[in-house]
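Have a look at the structure below before the remarks.
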Number of protein chains: 4
Amino acid sequence: MAVEQLVRAKRRKVSRLPAERRIADIMAAAGAVFAEKGYQEALISDIAERAGVVEGSIYRFFANKRELLVRVVEDWYQALIEEEEELFASMRGTWNQLRFIIHRHLLTIRRDPALSRLVFQELRPDPGYRGSQVFELNRIYTHKLTDVVRAAIETGEFRADASPSLVRDMVYGCIEHRTWSFLRNEGDFDLDNTADGIADMIYRGLVSDRAKPPDVVERLEEVAARLERAAGSGQENG
Amino acid sequence: MAVEQLVRAKRRKVSRLPAERRIADIMAAAGAVFAEKGYQEALISDIAERAGVVEGSIYRFFANKRELLVRVVEDWYQALIEEEEELFASMRGTWNQLRFIIHRHLLTIRRDPALSRLVFQELRPDPGYRGSQVFELNRIYTHKLTDVVRAAIETGEFRADASPSLVRDMVYGCIEHRTWSFLRNEGDFDLDNTADGIADMIYRGLVSDRAKPPDVVERLEEVAARLERAAGSGQENG
Amino acid sequence: MAVEQLVRAKRRKVSRLPAERRIADIMAAAGAVFAEKGYQEALISDIAERAGVVEGSIYRFFANKRELLVRVVEDWYQALIEEEEELFASMRGTWNQLRFIIHRHLLTIRRDPALSRLVFQELRPDPGYRGSQVFELNRIYTHKLTDVVRAAIETGEFRADASPSLVRDMVYGCIEHRTWSFLRNEGDFDLDNTADGIADMIYRGLVSDRAKPPDVVERLEEVAARLERAAGSGQENG
Amino acid sequence: MAVEQLVRAKRRKVSRLPAERRIADIMAAAGAVFAEKGYQEALISDIAERAGVVEGSIYRFFANKRELLVRVVEDWYQALIEEEEELFASMRGTWNQLRFIIHRHLLTIRRDPALSRLVFQELRPDPGYRGSQVFELNRIYTHKLTDVVRAAIETGEFRADASPSLVRDMVYGCIEHRTWSFLRNEGDFDLDNTADGIADMIYRGLVSDRAKPPDVVERLEEVAARLERAAGSGQENG
DNA sequence: TATGAATGAGTGTTCATTCAT
DNA sequence: GATGAATGAACACTCATTCAT
């Protein structure tokens, strides 16, 4: 009997938490472990321990390690999108919106470098990426940018032949390249200057020619005015 | 005796090739296997078999699987750099040079998507990347682009406040983003249009304001002059 | 389906034994394999098969092959110590105790030559031996002998300048040397005579000079005294 | 041609030394490497490099790694025996000779702990040890001690029932046990005191009973003398 | 529903020895 | 005789996943 009591005492406290809570715990633990170790090095046993469950329990909610990663990233993305949505709503003006999106993306990478890396290194190269929910979320996430570009094209602020998708690749690709060193833990980057630099380049590259060099326009307006005046005097004469 | 014969029969024909040749064989085999399977899935035994050597022989020349990958990539980069060097020499004009570099890089990815992926996915995220020879080679490889930008800044063709390194990140980042779908084997990309689009965006983003649409301004000024002259004569007449 | 059946057929019958039982099975198997093949030649796969588990299961309980060896030896030592303790309790008299310890140690080697060898050849030369649990167990195991010596010194039966630790080294070293031939499987040794020979040598080497033939001298002195008294009285009379 | 010269320059300088010199070089290198790394960890390639030869050359003179070890040890033993022979010649008196042999053996271990260990750990446990030349050399080496014991038995200094071989095992076994800690690099030992202690124990354990406790004998002689005197006086009376 | 013991496939690496040159 | 490139066998260890209890 004494032995039995001992065994019972040793037994992990079985607690029946609502599934949602369990899932949240597991995902939080998984997020932390994936961030610390990367996908390959992360151990299911580590995640289980940190979540306060046994390995088997993880498989009740997630088909496998990969799905766990995917779900963690999906959650992160979802939250990201909502947050951006809210903040973006108050932005006015193409340049401001552009700069905001770039700035926020850089900020996201700075706040969650590990998760960003997991997307870049593990998820995106995967053959099943297109077709995945993460792909779809990324679409939504980056759509804001293409929307801004498209809108500016329509108002004539941007060239009619500008390619929103190319702009998207340029912005996100540039940011990624620029932050690899940071993602490798080799030191921080200058967020504001980088955001300004990118926004500036992109804006200049897209802005309509006629709108572009305002002084030329001004001069032309002057000329037009003079002509009008001349024409006006001629009319008076005619 | 039967056993002995069997053993003897199993023995691979021993051939003593010069080390260089062996190394080349192994690297060729490794390149092929890495390209087909990716780094993780590639088996040393596969590589050995394809190279016509036993596994142990690989370790005479390469410390481990990782070094083998690195050496394969290094060789590839080296050849790339030399090839570009040659072809680039005859390019004249900033825009042409820009377009050439972009076009060639896209071509490289199309010709060697697997090796490109290995760099993006395996080598670049590695904590030891900075400090590796591949990092250095990539520096050299991308230097052509920053040189072009710097030169154009000096001649005044590009804005004085343009950032060559940002341009580099923008170009290579954009290309990478644009080609991920292709790298995932989801279909080809439009090389020429992509090259044109990127070159155009970059050029417009960098060109000096005063120089910007030089012909346009000139032509407008001419038109204005003519109009003024016309107006003037009209006035004189009036 | 046929393949699936094959796979299923291959699957070992899964049985969930209590951990203690599993550990015991594995240690028993390991003990046997180590004894048969020696440490180097022993294969984990052999041990697993003999224990009726897969290799991976061994690593649930033992960090590595070395730890498995150590644990097997520890268990053996522990049992040894307990057994000796019990049997030794009834021994009276220094010589008897000495002889008992020597005899038992020889017996242990005869019963478990393979494990003895593993200690002599694998564990004791190891840089980490001191500080290991086996070292501690060996200390306890050999302490009986030094205790006997110390006790005999205190009663004056043994010389005051005798060194218990030297006696220990002499006894165990001698036994080891004497049994190497047996440990090499070159034939048995004469247990009783060896035990007697060692006990005798050690006893003679340690016993106090004055105490040596204590009764003999005393009795002779008494006799002499009586004779002297007798002679004295005779003289007085004479 | 330039390349050929380069290759030629890289080629190891081929020198034809007399075989004896080669063998000596290899054995010296092997001794050093075995001592540093132990048998298992020692690499033939290391030995070859240190000896200034290629691996293949070692196999011209030694059948395999094991033989190389054996030959190194044999040489060492041979030199040892000769040295002892010379020094021992001048020793007079059983105790002195005993003490000398013990002292010299301790000295040998202190001077060559690594080689000593190789004998204890690698060679002696080997199934082929008996029958090996090293076994024979060890016999010769330890014969000095049994000779001394035998001689002392013959002169009556030692008990007639003393066992020379047991003494041998006791002496060498004790020394070995005593020095394991040193052999494990855990600190030095007190050579002189150890030698004295062992010699003393052994001598006392072996010396004839009649010779044994000289004071007892003396006292008995005194008693006897008194008795004789008493008897003498009685006789005078009688 | 939770547990966690058991599974078992999978592979990079070492190095003594050989032998073509 | 010397070289040293090539051989190739051999094996401990990991860990995601399953499933009996």
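A note on names: the letters A, B, ... follow the listed sequences, proteins ahead of strands, and every chain is numbered from 1.
The separation between D:Leu69 atom CG and E:dA16 atom C1' is 14 Å, rounded to whole Å.
Remark: B:Tyr59 engages no residue in a ring-ring contact (aromatic ring centres under 6.0 Å, His included) (not counting sequence neighbours). With sequence neighbours excluded, the residues that form a side chain to side chain donor-acceptor pair (under 3.5 Å) with D:Gln121 are D:Arg117. Take D:Phe120 and apply the ring-ring contact (aromatic ring centres under 6.0 Å, His included) test, not counting sequence neighbours, and it matches no residue. Every residue two or more places apart in sequence or in another chain that forms a side chain to side chain donor-acceptor pair (under 3.5 Å) with B:Tyr77 is listed here: B:Asn138. Residues passing the side chain to side chain contact (heavy atoms under 4.5 Å, CB included) test with A:Glu67 are A:Phe62, A:Ala63, A:Asn64, A:Arg71, sequence neighbours excluded. A search for ring-ring contact (aromatic ring centres under 6.0 Å, His included) contacts involving C:Phe135 returns C:Tyr129, not counting sequence neighbours. Not counting sequence neighbours, the partners of C:Ser57 by the side chain to side chain contact (heavy atoms under 4.5 Å, CB included) test are C:Val53, C:Val54.
Among the duplex regions that DNA chain F forms, those built from at least three successive Watson-Crick or G-U pairs under 3.5 Å are E:2-21 with F:2-21, ordered by first number.
Scanning residues 36-45 of chain A for heavy-atom distances under 4.0 Å to DNA chain F yields A:Ala42, A:Leu43, A:Ile44. DNA chain E is contacted by no residue of residues 117-124 of chain C, taking any non-hydrogen atom closer than 4.0 Å. Against DNA chain E, the stretch residues 60-68 of chain B makes heavy-atom approaches under 4.0 Å through B:Asn64, B:Lys65.
Formation of a donor-acceptor pair under 3.5 Å by the C:Lys65 side chain with backbone atoms of C:Leu43 is not found in this model.
Remark on DNA chain F: of its neighbouring residues D:Gly56 and A:Glu55, the 5'-side contact belongs to D:Gly56, judged by nearest-heavy-atom nucleotide.
Put simply, C:Arg22 has no side-chain N or O that comes within less than 4.0 Å of OP1 or OP2 on E:dA5. Dashed line: the shortest gap from a side-chain N or O of B:Ser57 to OP1 or OP2 of F:dT7 is under 4.0 Å.
Distance from the side chain of D:Tyr59 is smallest for E:dT18 among the nucleotides F:dT3, F:dT14, E:dT18.
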For residues 31-41 of chain C, please give each side-chain donor-acceptor pair under 3.5 Å, one per line with the distance, not counting sequence neighbours.
from, atom 1, to, atom 2, distance (Å)
C:Glu36, OE1, C:Arg50, NH2, 3.2
C:Glu36, OE2, C:Arg50, NH1, 3.1
C:Glu36, OE2, C:Arg50, NH2, 3.4
C:Tyr39, OH, C:Arg66, N, 3.1

